[in-house]
Protein chains: 2
Amino acid sequence: MSLPHAILTALLEKPSSGLELTRRFDRSIGYFWSATHQQIYRELGKLEAEGLIRALPSEQPARGQKKSYEVLPAGRAELARWTATAQDPKPHRDALLLRLRAAAVVGTAGLGAELERHLDLHERQLAEYLEIERRDFPPGRNRPEDRLRHLVLRAGIDLETFWIQWLRHALEEFSELPGDGPR
Amino acid sequence: MSLPHAILTALLEKPSSGLELTRRFDRSIGYFWSATHQQIYRELGKLEAEGLIRALPSEQPARGQKKSYEVLPAGRAELARWTATAQDPKPHRDALLLRLRAAAVVGTAGLGAELERHLDLHERQLAEYLEIERRDFPPGRNRPEDRLRHLVLRAGIDLETFWIQWLRHALEEFSELPGDGPR
DNA sequence: TCTTACATGTAAGTAGTTACATGATTGA
DNA sequence: TCAATCATGTAACTACTTACATGTAAGA
């Protein structure tokens, strides 16, 4: 149950419409929580019905018309409660690792190219994060809320760095492996 | 759509019953793909109906009676097809990072203890993986399928190591931060 | 016979994905 | 007026989770 809390956080940082939220989820929020516009609109409706957020007045509520939301005190309280609650980490699911294990049984045909493609994707992602870091967290500034946000971005950067290293290592192993037949 | 392929891989490695699969998903397979027994039984039914696996003969098909499955040629072919298919990485979702970002807005109360708890969980997980590595991949053995499986385990080990380092760093930052009020 | 462990399943609900629908606004 | 973009939404489906149901086998 994290999507509503992701939305509350985003709206507290800055009141937004559904489409603006979607864009923010595609960018900074997306590096640890992704969501499509369909999810977001549905969830905005629920949160409004529960009295945790409200549509900003002055905006007419018609289809095709922009509608911005802000967080109500009950929403802030719910977010604070959730943030402080103990939650176990979810077990990861990684299809690429699964495919590597499958390849040990049915052969590695096609996987080398996939590893290279993923390596490229992770390198691009890392470059994007580093650009965000350079722009949003220049050396010197040191406000507490910046330090927390920087910490989160650092997790994204270090994770991408890990994947890049691992994929390079995996590609080396692949180059030393015999052909593509099942084993 | 990875669960059926995870099951096919596991059954190719060794024909098993639903409960045995559940146990294997709790152990080695679980470090990159988790599944509950409910998911597994449901999926076994589907895979059998599709003709990708079959129940081993000689076992009576009664409730409460063990029923083992093996992969049919069509199942192996499907797994090989899937392994070679291009698939983009799924965006990650990490509730702890989300909570940290929320804490930048509503305050860090309760989060320090959570970070310590997660650190402990990751340290245990790492110890478990290192034990598996010591047991299953002693230096010297070098069969190709072992190298692939070792590579997958290495990803698990390195990921846990990353989280441990990041959590320690985060805890340091926390100790330097002012109190728990909203910012 | 009672409990525990083994073993397979059903049902209901939640979360996420994919495909499609509808209308407003702006510029060529 | 046409196309593109902005903007909000519905519907159907798939995957996953949580709670519960049912029966067998073995040992105290």
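Below, read A as the first sequence line, B as the second, and so on, with proteins coming before strands; counting in each chain starts at 1. Values below: every heavy atom of this structure, side chains too, minus hydrogens, waters and symmetry copies.
Applying the ring pair (Phe, Tyr, Trp, His ring centres under 6.0 Å) test to every pair with at least one member in residues 66-92 of chain B, sequence neighbours left out, gives these pairs: His5(B)-Trp82(B). The list of salt bridge (charged side-chain N to carboxylate O under 4.0 Å, His left out) pairs with a residue in residues 158-175 of chain A, not counting sequence neighbours, reads Glu123(A)-Arg168(A), Arg154(A)-Asp158(A), Glu173(A)-Arg147(B).
Leu19(A) places its CG atom 19 Å from the P atom of dG23(C), with the value rounded to the nearest Å. Across the protein-nucleic acid pair, Leu21(B) atom CG and dC6(C) atom P stand 16 Å apart, rounded to whole Å. Whole-Å rounding puts the Glu50(A) CD to dT14(C) C1' distance at 13 Å. Rounded to whole Å, the distance from CD1 on Ile7(A) to P on dA15(C) is 12 Å. The nearest whole Å value for the distance from the CG atom in Leu44(A) to the C1' atom in dA15(C) is 16 Å. At whole-Å resolution of the value, CG in Asp26(A) and P in dC6(D) are 13 Å apart. Atom CD in Glu43(A) sits about 15 Å away from atom C1' in dT17(C), given to the nearest Å. Protein atom CZ of Arg23(B) is 6 Å distant from nucleotide atom P of dA7(C), rounded to whole Å.
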Taking only N/O atoms, report every protein-nucleotides 16-19 of chain D pair under 3.5 Å with atom names and distance.
from, atom 1, to, atom 2, distance (Å)
dC16(D), OP2, Gln39(B), NE2, 3.4
dT17(D), OP2, Arg93(A), NH2, 3.4
dT17(D), OP2, Gln39(B), OE1, 3.4
dT17(D), O4, Arg42(B), NH2, 3.0
dA19(D), N6, Gln38(B), NE2, 2.7

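Between Lys66(A) and the phosphate of dA24(C), there is no side-chain N or O to OP1/OP2 separation shorter than 4.0 Å. The shortest distance between the side-chain N/O atoms of Tyr41(B) and the OP1/OP2 oxygens of dG9(C) is not below 4.0 Å.
Every residue was checked against the salt bridge (Lys or Arg N to Asp or Glu O under 4.0 Å) condition with Arg23(A), not counting sequence neighbours, and none meets it. The side-chain hydrogen bond (donor to acceptor under 3.5 Å, both in side chains) check on Asp120(A) picks up Arg124(A), with sequence neighbours excluded.
Judged purely by atom type and a 3.5 angstrom limit, Ser16(B) uses its side chain to pair as donor or acceptor with the backbone of Lys14(B).
Between dA15(C), dT8(C), dA7(D), one nucleotide has an atom nearer to the side chain of Met1(A) than all others, and that is dA15(C). Of the candidates dA7(C), dA15(D), dG9(D), dG9(D) carries the atom nearest the Tyr69(A) side chain, counting heavy atoms from C-beta on.
Aromatic ring pairs are classed by plane angle as parallel below 30°, tilted from 30° to 60° and perpendicular above 60°; the pair His37(A) and Tyr41(A) is perpendicular.
Glu48(B) and Arg54(B) are not joined by a salt bridge, as no carboxylate oxygen comes within less than 4.0 angstrom of a charged side-chain nitrogen. By the 4.0 Å N-to-carboxylate-O rule, Glu13(B) lies close enough to Arg149(B) to be salt-bridged with it.
With no hydrogens or angles considered, no side-chain donor-acceptor pair links Arg93(A) and Ser2(B) at under 3.5 Å.
Axis deviation across the helix from dT1(C)-dA28(D) to dA28(C)-dT1(D) amounts to 0°, comparing end segments of five pairs, rounded to 10 degrees.
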